[in-house]
Enquirer: 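Dropping the structure in here first, questions after.
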Amino acid sequence: MGDHAPNQFQDRLPHAMLTTNEIRTTFLEYFAGKGHQIVPSSSLVPRNDPTLLFTNAGMVQFKNVFTGQETRPYSRATTAQKVVRAGGKHNDLDNVGYTARHHTFFEMMGNFSFGDYFKPEAIELAWTLVTKNFGLPKDKLLVTVFAEDEDAAGLWRKIAGLDDSRIIRIPTSDNFWRMGDTGPCGPCSEIFYDHGPDVPGGPPGSPDEDGDRFVEIWNLVFMQYFEDPPGVRSPLPRPSIDTGLGLERFAAILQGKRDNYDTDTFVALIQASADLTGQSIEGPFKASHRVVADHLRSTAFLIADGVLPSKDGRGYVLRRIMRRAMRHLHMMGTREPVFYKLLPVLIQQMGQAYPELVQSEALIRESMRGEEERFKAMLDRGLGLLADETEKLTPGSALPGDVAFRLYDTFGFPLDLTQDALRGSGHTVDVDGFDAAMTVQRERARASWVGSGDTALETVWFEARDKFGASEFLGYTTEQADAEVQAVVVGNGFVKEATVGAEVAVMLNQTPFYGESGGQAGDTGTLTAKGLRVTITDTQKKAGDLIVHYGTVTEGTLRPGLAVTATVDHDRRSAIRAHHSATHLLHEALRRKLGTHVAQKGSLNTPDRLRFDVSQPRPITAEELADVEAEVNRLIRANSQVVTRSMTPEEAVAEGAMALFGEKYGDEVRVVSMGGPDGNKSAWSIELCGGTHVGRTGDIGLFRITSENGVSAGVRRIEAVAGKAAESLSIATEQRLNQMAAMMKVGVAEAPERLALLLEERRTMERQISQLQRQLAAGNVASAGVETVAGIRLATRNVGDTAPRELKGLAETILKQGNADVVVLISTAGDKGSVVAGVAPDAVEKVDAVALVRTASEAMGGKGGGGRRDMAQAGGPNAGAADAALAAVRDALAALA
């Protein structure tokens, strides 16, 4: 390879202090100058590998390119890839904060060759960048190679001038990379930096290799073989290069540090944590500040990439990370939610390189604050339980697994948070006991459906998938097609035939029926042949890509091997299409109105409505909803063509398509575009979607939002109707308005003003009626006279339909007249008895109002009652026993004599 091309960073002094951002830019632009395409970081949620929880290496987004399943318009690439290692095989969570180089989130720099250059150029590119552009002294560097890779060893001698003492041969799998048990593989070569003899640790491959003296900078993977079966390798026709350089540890070396947390980005975040908590950076909370700084990065980037804290999956890993940071903030004395207050510092440090942080700032902030509010509510109680249980332990013993499970199940403490809380106390957790308690809970949850056949039925569909392969879906272009019946299932197993009345699940070799997925409801319709009819009531996807038709045989006998005509219910499909297409327009309208943080979190499209869940930190106002509804209807009236195309996921995203997080996309995806060209986008709305849609936006007809509410932290739900359902809603609403206006004898336009006037008149009349009822009732009681029972002047009255809320005031009015010592009033409004007893001050020591109302309540079939000795209230369901209740009160007073 010839001299490297001029680079704007070449003229820097070799030891000039570069910031982390400058190092990233230097790396990318160096390789851009060498003909590499700078490819943006892919999402932390892998789109092309369902086996991964998070993107854990730079090569993940290029996996299908390396295997030959996908092609790109370039053969050389370079990236700064966001990486999270906090779950599954790559889980660094427990060590984060306590070591110099462990992180949950970090950046993996890399350069890639897809069958272009190989070992010689890869080694020269790396050596030139490290020694010339970044100015690291050659005598501080050494390399490792796979023990059998003499080719690489010779190239290091030739290109870098290294002697054999600085080329270490590693015979283990540490220096041989595999994508899996079979597939592309090849030897590795790593560049190490030597901090010098005053730092403990030995070279790689030695017994002391885990020390801090020798730090790995860069791993070069030479993909030159294909392994299949395991242990049998053949040369790849186009060998490739995959490299990875950890930005944080490289920045530490270039900035003269031995600890990643002493680099500029982390120093800024740690200082912000110290300022927020008032705790010294180097004090007893040094590790806590580091935990907060690291977890702040993974939290913000995961939320920006569409992950929200939840009880399972990726959301649960995020929740563990967030709660670990929040517990450390709590340890440092914070009592109110504060984690989110560190977000602006992170954005200041990394927002320019990763604009998704800026675009999603509101969602990240509100998600962090909401999660900390929920966790704070449980934290003190959980830590109290942990402290109590820890006191019972003998030195060095483990916390019982059932206690750790109680912390998890009741207080939301992930197991590793409990382990972290015990760090330094000399105690561990009985993990086996925790797992056993978890298993018991799972078995208990399964008990309700064990034996129901669900598991057996799912096994049937995997068997069918293995035997027949995936179903071919024809429904994008037709609603009717001929097909062959491949399998018939009744109950939990395959059958040779099904007769009239049988409830069946049917698999066809091809079908126009859409299997429920992506929020779109499954189709209904019929399967017919001569003398045969099967009514299909639902269609589902099973075993990934198997389309299963559920229905009932209404005529003839259904058998595998029969040729049938599959016909979709056209009207129902049309209504579903209208709602699904309206959902796309709604999604884009919300993003334009509220911000690009809005992302789909769930959807449902049925014939009569749509439901759409989006990430949104606050309620959407009525005015905003009205604007969104108007915008969607504007696009509908434009009647633009709905265009669907197939392309690679990367091409689609490059064109501006919205990909849905959590969805798995294959080598080709369907891209649905609606609306005309808009700015630098080819259409107003562009989304990756496998569902069915209208031909033109005008086919939707009409769109109406019916409700908006919250479903979980940071997620809002919008319900709406489109097409005929929207028309029906509008007609029904108009009819009701006309009826209301006619009843008020005004036009529809005057109805609101007239209704407001009538409501005010009603409130005035109710106040007047209430006042008159009280006066009348008081007069009736007074006119009835006062009787003396056991020396106590007693006034009683059944006041009929007088509202129960008026009884207390009425009793007080009568007592003030001074003619009675005790007043007992009963209302029978609503066919229920309500009783109030009032006692004058002079009689309180002798008579208890609470006791009197309880006596009356019991007579009316009730029980209980309460209040004070001078005023109490109770009730009973039997209003017809009001007179008996008053008699019981008289008897109770007589008993006091």
Enquirer: Hey, are E727 and S730 close enough side-chain-wise for a donor-acceptor pair under 3.5 Å?
Expert: no

Enquirer: Run the salt-bridge test on E479 and R572 with the 4.0 Å N-O cut-off and return the result as yes or no.
Expert: no

Enquirer: Can you see which heavy atom on A589 is nearest to which on W684, and at what distance?
Expert: N-CH2, 3.6 Å

Enquirer: For a quick check under 3.5 Å, do E361 and H597 share a side-chain donor-acceptor pair by atom type?
Expert: no

Enquirer: Please examine the side chains of D523 and D569, heavy atoms only from C-beta on, and report whether any two atoms are closer than 4.5 Å.
Expert: no

Enquirer: Quick check: do V553 and E503 have side-chain heavy atoms less than 4.5 Å from each other?
Expert: no

Enquirer: Determine, step by step, whether H584 and C689 satisfy the side-chain contact (heavy atoms from CB on, under 4.5 Å) criterion, reporting the C-alpha distance in whole Å, the side-chain angles of both residues, the deciding distance to 0.1 Å, and the verdict.
Expert: CA-CA 9 Å; H584 281 228; C689 180; 3.5 Å; yes

Enquirer: Are V84 and T55 side-chain neighbours, meaning at least one heavy-atom pair lies under 4.5 Å?
Expert: no

Enquirer: V614 versus K601: any side-chain heavy-atom pair under 4.5 Å?
Expert: no

Enquirer: Apply salt bridge (charged side-chain N to carboxylate O under 4.0 Å, His left out) to the pair K724 and D571, showing each step before the final yes or no.
Expert: CA-CA 10 Å; K724 290 184 179 179; D571 291 341; 5.1 Å; no

Enquirer: Does K681 have more than 12 heavy atoms from other residues, nucleotides or ligands lying within 6.0 Å of its NZ?
Expert: yes

Enquirer: Classify the ring geometry between Y354 and F301 as parallel (under 30°), tilted (30 to 60°) or perpendicular (over 60°).
Expert: perpendicular

Enquirer: Ignoring hydrogens, what is the shortest heavy-atom contact between S581 and I700? Give both atom names and the distance.
Expert: CB-CD1, 3.8 Å

Enquirer: So, Q520 versus H579: side-chain donor-acceptor pair below 3.5 Å or not?
Expert: no

Enquirer: Measure the acute angle between the ring planes of H693 and H580, then classify it against the limits of 30° and 60° as parallel, tilted or perpendicular.
Expert: tilted

Enquirer: The test is side-chain contact (heavy atoms from CB on, under 4.5 Å); show your working for N56 and F54 and say whether it passes.
Expert: CA-CA 6 Å; N56 60 12; F54 298 115; 5.9 Å; no

Enquirer: Should I620 and L594 count as side-chain neighbours, where that means a heavy-atom distance under 4.5 Å?
Expert: yes

Enquirer: Give, for atom CG of L508 and atom CZ of F473, the distance between the pair rounded to the nearest 0.5 Å.
Expert: 12.5 Å

Enquirer: Do the side-chain N and O atoms of T606 and R609 include a donor-acceptor pair separated by under 3.5 angstrom?
Expert: no

Enquirer: Heavy atoms, side chains only, cut-off 4.5 Å: are L590 and L586 in contact?
Expert: yes

Enquirer: Should we say atom CD of E719 is surrounded by more than 12 heavy atoms from elsewhere, each under 6.0 Å from it?
Expert: yes

Enquirer: With rounding to the nearest 0.5 Å, note down the distance linking NE2 in H549 to CE in M507.
Expert: 10.0 Å

Enquirer: Would you mind checking if R319 and E371 are paired as a salt bridge, meaning a charged N to carboxylate O distance below 4.0 Å?
Expert: yes

Enquirer: How far apart are the C-alpha atoms of K593 and E631, what are their side-chain angles, what is the distance that settles it, and do they pass the salt bridge (charged side-chain N to carboxylate O under 4.0 Å, His left out) test?
Expert: CA-CA 10 Å; K593 183 65 181 178; E631 183 71 350; over 6 Å; no

Enquirer: Checking salt bridge (charged side-chain N to carboxylate O under 4.0 Å, His left out) for the pair E70/K63: CA distance, chi angles, key distance, verdict?
Expert: CA-CA 9 Å; E70 177 189 346; K63 180 176 179 179; over 6 Å; no

Enquirer: Within the structure provided, determine whether L610 and F612 are in side-chain contact (heavy-atom separation under 4.5 Å).
Expert: yes

Enquirer: What are the two closest heavy atoms between F703 and E629, and how far apart are they?
Expert: O-CG, 3.7 Å

Enquirer: Does a side chain donor of either N605 or T583 reach within less than 3.5 Å of an acceptor in the other side chain?
Expert: yes

Enquirer: Could you tell me if S42 and Q81 have a donor-acceptor pair between their side chains, going purely by distance under 3.5 Å?
Expert: yes

Enquirer: Heavy-atom count around R592 CZ within 6.0 Å, excluding the residue itself: above 12?
Expert: yes

Enquirer: Do you know the tightest heavy-atom contact between A481 and L474?
Expert: CB-CD1, 3.7 Å

Enquirer: First locate atom CD1 of I321, then atom CZ of F105, and finally report the distance between them rounded to the nearest 0.5 Å.
Expert: 11.0 Å

Enquirer: Taking atom types as modelled, find out whether Y514 and S517 have a side-chain donor-acceptor pair closer than 3.5 angstrom.
Expert: yes

Enquirer: In a check of side chain to side chain donor-acceptor pair (under 3.5 Å) between Q480 and each of T567, T526, T565, which one passes?
Expert: T567

Enquirer: State the CD1-CD distance between I705 and E624, to the nearest 0.5 angstrom.
Expert: 11.0 Å

Enquirer: Starting from the C-alpha separation in whole Å, work towards a yes-or-no answer on side-chain contact (heavy atoms from CB on, under 4.5 Å) for V721 and D608.
Expert: CA-CA 7 Å; V721 289; D608 57 352; over 6 Å; no

Enquirer: Do V65 and T71 have side chains that get closer than 4.5 Å, going by heavy atoms?
Expert: no

Enquirer: If you apply the rule salt bridge (charged side-chain N to carboxylate O under 4.0 Å, His left out), what do you find for E708 with R717, and how did you get there?
Expert: CA-CA 6 Å; E708 187 274 349; R717 172 169 292 173; over 6 Å; no

Enquirer: Measure across H570 and R577 and return the closest heavy-atom pair with its distance rounded to 0.1 Å.
Expert: CE1-NH2, 4.2 Å

Enquirer: Determine the minimum heavy-atom distance between G698 and N639, stating which atoms define it.
Expert: N-OD1, 3.0 Å

Enquirer: Under the criterion side-chain contact (heavy atoms from CB on, under 4.5 Å), I'd like the reasoning laid out for E555 against L532: C-alpha separation, chi angles, the key distance, then a yes or no.
Expert: CA-CA 5 Å; E555 181 184 345; L532 172 71; over 6 Å; no

Enquirer: Report the distance from atom OG1 of T554 to atom CG of L558, rounding to the nearest 0.5 Å.
Expert: 10.5 Å

Enquirer: Report the distance from atom OG1 of T104 to atom CG of L318, rounding to the nearest 0.5 Å.
Expert: 10.0 Å

